Amino acid sequence: MHEYRTHTCNQLRKADNGSTIKISGWIHNRRDHGGVLFIDVRDHYGITQVVVYPEAPFQYEIGHLPKETVVSFVGVVMLRSAENSNPKMETGEIEIKASSFTILGPAEPVPFPVFPEEIAPEDMRLKHRYLDLRRSKLHQNIILRSKVISSMRKRMIDFGFTEFQTPILTSSSPEGARDYLVPSRVHPGSFYALPQAPQQFKQLLMCSGFDRYFQIAPCFRDEDARADRSPGEFYQLDIEMSFVTQEDIFKTLEELLHGIFSEFSTMQATPPPFPRIPYRQSMLKYGCDKPDLRIPIEIRDVSDIFATADFKAFKETVESKGVVRAIPVKNIASQPRSFFDKLVEYAQSIGSKGLAYLVWSEEKVKGPLAKFLSDDNMKNIASRCDVGLGDVVFFVAAQEHEANKISGDLRTKLGNDLNIIDKSIFKFCWIVDFPMFELDPETQKPVFSHNPFSMPQGGLEALLSQDPLTILAYQYDIVCNGIELSSGAIRNHRPDVMYKAFEIAGYDKSVVDAKFPALIQAFRYGAPPHGGIAPGVDRIVMLLAGEQNIREVIAFPMNQKAQDLLMNAPSPVTDKQLKELSIRVTPIA
RNA sequence: GGACCGGUAGUUCAGUUGGUUAGAACGCUGCCCUGUCAAGGCAGAGGUCACGAGUUCGAGCCUCGUCCGGUCCGCCA
């Protein structure tokens, strides 16, 4: 017989009745009936019930081992009677009558229970992550992650992509997030940087003619964490394709994402093609560039109506180049007064001066705004917002940027509070037509609004002839249920267009040459038109696992302060190490 | 860097207007129990109420400060 096991804990079935077997695993749970003693033994695969009768000389010992001790049992597979079967367990129709046991890995009492699964403090979970990872939910999340990545890889290869590895020790890029720096021993005073993304490498690979690149790529950014943003490091399914238009990339990603989400979830995912929403339209209708399309509310602009209406506060806002936005909500006219009061309070807490609203009730249109508006105004609003009896429209007046944010936050809050979000679907969309440039609020000069490497729509001609602020980029985001999975772009692969774009953003040729020497040189020797995208693996798994926090799908995540509580990183190093690196640590006053 | 919420037993939490000895469940220890599967029953151990100062006759509760944690804003080309 094998030293440790003949079967896993999720292998034995009715057909094995009578076999003498050996299983090993953790003591998951124990039920001591005085006479008969039940032990649930757990391994990676599942749970099997072991029964120990009073005749067994080791009954007392096994009944008093701490839970989570690793043991191995030899015994005979017995059928359970119908009333003693457990339909909730895959092995629930059998049990093992133990004839001997061995302690393989003694255990001390655990600091928090592996079973039943309770929510332990997160710092303790992270400190004892090996225990936390035994919990079924987390264990399954990590398995799901592995399967999702494996499926991504298979699908990409089936699509004709080639997988690459790009350097982890690379150079600091002056744009974007803060870099993690690694000192060089051989070159005192010089530093490597960990890649924020393999952006330039994948573009260089296109210049090398590889045509279709992908990588399950680790990315490093020294920025603060969020619930959906792990600090320090994360993984992207990094993709780049040559001789493609934006639509070609969309088509590939739609097939990939719809395939993955359909494979790993029973929830319905948007079938291709995903809706394409221009950036400006998204900012208006949803107040943000990562809309949760499950919320059945669309914001409308009503600035023109209030420009002529007799409500001073809104009229003045419009006259000072602000906007008035309407948030129509169906069937909430009967909500109690407190509902509206709380919403007004919330609006003020996120920076709105107030929150006016109109209620289409039985007799007439009511609400704080009603007395200032003519019947015509009301009619126009109702038709613009597509509301009628029983509906309510909220109004936000502010400068455009602020109005977008406030109305978008209100839309999300209304969606959550009114419980009108369909939690059983994945709603995908593309946000397209991001502006190439925007005005720097301080200098009032154009700066790159998102990605300086994106190709401007209209190419060089647009850069030469259009107002920079009207130029759109072949730049896009893929969004699912209000979570941004990735940005992407058709890249600017023409040196002349690149220099011109940077010139508009206030950088001369030498700056481009100095900042991006490899790329700009590569583009000089024949670069194919190319573009790509890089959906976040962690976020995709988070959505598929139904988790609210990205740490629940990462085996060894850092905490919000970018500390690894398990390995105790970051931590000071020895003077010898510092000396080798020509580094002296000095507090900065 | 900023805002908000939180910190009470190993764990999850309750703790009334500031008032006697700070409670429950799970876990742990002991005992009872031969069919449970979140087993059940009885008993027991287990507390610097995050820390410090203040108000008060009296503070888990009120005030201020500090620390720790989470969420959000900034940040994330």
Side-chain angles (χ1 to χ4, degrees), chain A residues 28-42 47-56 59-60 63-68 78 80-89 91-93 95 97 108-128 131 173-179 196-197 199-200 219-234 290 346 349-351 405 409 412 434 436-438 447-454 473 475 484 487-489 491 502 505 515-516 534 536 548-549 551 559-563 565:
Chain A
H28 182 69
N29 198 15
R30 178 167 49 216
R31 292 169 297 281
D32 185 349
H33 285 251
V36 66
L37 167 66
F38 299 103
I39 310 279
D40 291 337
V41 183
R42 182 196 72 239
I47 293 173
T48 296
Q49 175 168 283
V50 172
V51 57
V52 183
Y53 289 99
E55 306 84 79
Q59 197 199 40
Y60 182 88
H64 289 79
L65 288 173
K67 285 187 186 181
E68 297 303 315
M78 310 287 283
R80 297 205 217 173
S81 67
E83 66 268 24
N84 287 336
S85 291
N86 185 349
K88 284 188 279 184
M89 287 171 68
T91 59
E93 291 184 307
E95 65 193 2
K97 183 183 174 186
E108 294 172 22
V110 290
F112 59 89
V114 170
F115 174 86
E117 294 197 44
E118 283 181 26
I119 303 151
E122 198 174 25
D123 49 353
M124 185 183 286
R125 290 177 53 199
L126 294 175
K127 190 174 175 187
H128 301 283
L131 286 180
S173 69
E175 299 281 330
R178 282 184 212 98
D179 283 316
Q196 297 180 21
Q199 180 69 35
Q200 297 193 56
C219 304
F220 306 89
R221 294 179 191 173
D222 186 5
E223 296 296 343
D224 290 341
R226 289 289 182 276
D228 66 352
R229 198 165 85 204
S230 96
E233 58 188 71
F234 60 96
K290 44 175 186 175
Y346 173 77
S349 78
I350 57 171
K405 187 175 177 341
D409 286 356
T412 304
F434 279 84
M436 186 81 198
F437 301 98
E438 64 189 16
V447 292
F448 288 117
S449 72
H450 289 88
N451 188 329
F453 300 115
S454 303
Q475 156 102 34
E484 182 196 316
S487 282
R491 320 298 175 187
F502 273 83
K515 274 185 170 179
F516 315 109
Q548 302 295 311
N549 193 301
R551 293 187 289 269
N559 68 5
Q560 201 183 35
K561 290 186 177 166
Q563 294 168 304
L565 300 177

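Every value quoted in this text rests on a predicted model; they were computed, and no experiment measured them.
- Annotation: B:U8 and B:A24 have their C1' atoms spaced 13 Å apart (nearest Å).
- Residue contacts shown for A:Ser85 include a base, since a base heavy atom lies under 4.0 Å away.
- Distance from the side chain of A:Gln560 is smallest to B:U71 among B:U71, B:G30, B:G69.
- Distance, A:Gln59 CD to B:C32 P: 12 Å, rounded to whole Å.
- For A:Met124, the side-chain atoms get nearest to B:U11 when compared with the rest of B:U36, B:A38, B:U11.
- In terms of polar N and O atoms assigned as donor or acceptor, the side chain of A:Asn559 never comes within less than 3.5 Å of the base of B:G70 in a complementary pairing.
- The side chain of A:Asp32 has B:C33 as its nearest neighbour among B:C33, B:G69, B:C76.
- Side-chain proximity of A:Asp224 to B:A39, B:G1, B:G70: nearest is B:G1.
- Comparing B:C28 with B:A9, their C1' atoms sit 11 Å apart, to the nearest whole Å.
- Taking the side chain of A:Arg80 as heavy atoms from C-beta on, and the options B:U71, B:C37, B:G69, the nearest nucleotide is B:C37.
- Comparing B:C75 with B:G7, their C1' atoms sit 28 Å apart, to the nearest whole Å.
- Helical stems of RNA chain B (runs of at least 3 Watson-Crick or G-U pairs, donor-acceptor distances under 3.5 Å) are listed by first residue: B:1-7 with B:67-73, B:10-13 with B:23-26, B:28-32 with B:40-44, B:50-54 with B:62-66.
- Without hydrogens or angle criteria, A:Thr91 side chain to A:Ile47 main chain gives a donor-acceptor distance under 3.5 Å.
- The base of B:G70 is not paired with the side chain of A:Arg226 by any donor and acceptor separated by under 3.5 Å.
- Here A:Asp32 contributes atom CG and A:Gln59 contributes atom CD; the two are 6.5 Å apart, rounded to the nearest 0.5 Å.
- Across the P atoms, B:U12 and B:G70 are found 14 Å apart, a figure rounded to whole Å.
- Sequence order on RNA chain B of the closest nucleotides to A:Asn549 and A:Met89 puts A:Met89 first from the 5' end.
- A donor N or O paired with an acceptor N or O is not found under 3.5 Å between the base of B:C33 and the side-chain atoms of A:Arg31.
- Taken to the nearest 0.5 Å, the CG atom of A:Leu565 stands 6.5 Å off from the CG atom of A:Asp123.
- Residues forming a salt bridge (charged side-chain N to carboxylate O under 4.0 Å, His left out) with A:Lys405 (at least two apart in sequence, or on another chain): A:Asp409.
- Among the nucleotides B:A38, B:U36, B:G70, the one closest to any side-chain atom of A:Gln49 is B:U36.
- Taking the P atom of each, B:G46 and B:A22 are spaced 13 Å apart, rounded to whole Å.
- Under the side-chain contact (heavy atoms from CB on, under 4.5 Å) criterion, A:Val51 pairs with A:Val36, A:Phe38, A:Tyr53, A:Glu95, A:Lys97, not counting sequence neighbours.
- To the nearest angstrom, C1' of B:C73 lies 12 Å from OH of A:Tyr346.
- Going from atom CZ of A:Arg178 over to atom P of B:G1 covers 10 Å, rounded to whole Å.
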Got a list of protein N/O to nucleotides 22-29 of chain B N/O distances below 3.5 Å?
none

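- When all heavy atoms of A:Pro111 and A:Met124 are compared, the pair lying nearest together is O-SD, 4.0 Å.
- Note on ring orientation: taking the six-membered ring where Trp is involved, the planes of A:Phe448 and A:Phe502 are perpendicular (angle over 60°, cut-offs 30° and 60°).
- Residue contacts shown for A:Glu68 are absent, as no nucleic acid heavy atom lies under 4.0 Å away.
- What separates CD of A:Gln199 from P of B:C76 is a distance of 16 Å, to the nearest Å.
- When each of A:Lys561 and A:Glu83 is assigned the nucleotide of RNA chain B with its nearest heavy atom, A:Glu83 is the one assigned upstream, toward the 5' end.
- Following rounding to the nearest Å, A:Asn86 (CG) and B:U36 (C1') show an atom-to-atom distance of 9 Å.
- From A:Glu223, atom CD reaches atom CZ of A:Arg229 across 7.0 Å, with rounding to the nearest 0.5 Å.
- Stacking of the aromatic ring of A:Phe112 onto the base of B:U11 is not found under the criterion of centres within 5.5 Å and planes under 30°.
- Residue A:Glu122 is classed as a sugar-phosphate contact, given heavy-atom separations below 4.0 Å to backbone atoms only.
- Per the geometry, CG belonging to A:Leu37 stands 13 Å off P belonging to B:U34, to the nearest Å.
- Contacts of A:Arg551 with the nucleic acid, taken as non-hydrogen atoms under 4.0 Å apart, involve only primed sugar atoms and P, OP1 or OP2.
- Here the C1' atom of nucleotide B:C75 and the CG atom of A:Asp222 are 11 Å apart, to the nearest Å.
- Distance noted for atom P between B:C62 and B:A14: 14 Å (whole Å).
- The structure places CZ of A:Arg551 at 10.5 Å from CG of A:Asp228, a figure rounded to the nearest 0.5 Å.
- Looking at residues two or more places apart in sequence or on another chain, you find a side-chain contact (heavy atoms from CB on, under 4.5 Å) between A:Pro66 and A:Thr69.
- Counting only heavy atoms from C-beta on, A:Pro121 has its side chain closest to B:U12 among B:U12, B:U36, B:C75.
- Residue A:Arg491 holds its CZ atom at 6.5 Å from CG of A:Asn451, rounded to the nearest 0.5 Å.
- Applying the side-chain hydrogen bond (donor to acceptor under 3.5 Å, both in side chains) criterion to A:Arg30, with sequence neighbours excluded, gives no partner residue.
- When the C1' atom is compared between B:C68 and B:C49, the two are found 16 Å apart, to the nearest whole Å.
- Taken to the nearest 0.5 Å, the OG1 atom of A:Thr48 stands 13.0 Å off from the CD1 atom of A:Ile39.
- Checking B:G69, B:C76, B:U34 against every side-chain atom of A:Arg229, the shortest atom distance belongs to B:C76.
- No engagement by A:Phe437 is indicated, since no non-hydrogen atom pair under 4.0 Å with the nucleic acid exists.
- What separates CZ of A:Phe38 from C1' of B:G40 is a distance of 13 Å, to the nearest Å.
- Straight-line distance between the P atoms of B:U63 and B:C5: roughly 12 Å, to the nearest whole Å.
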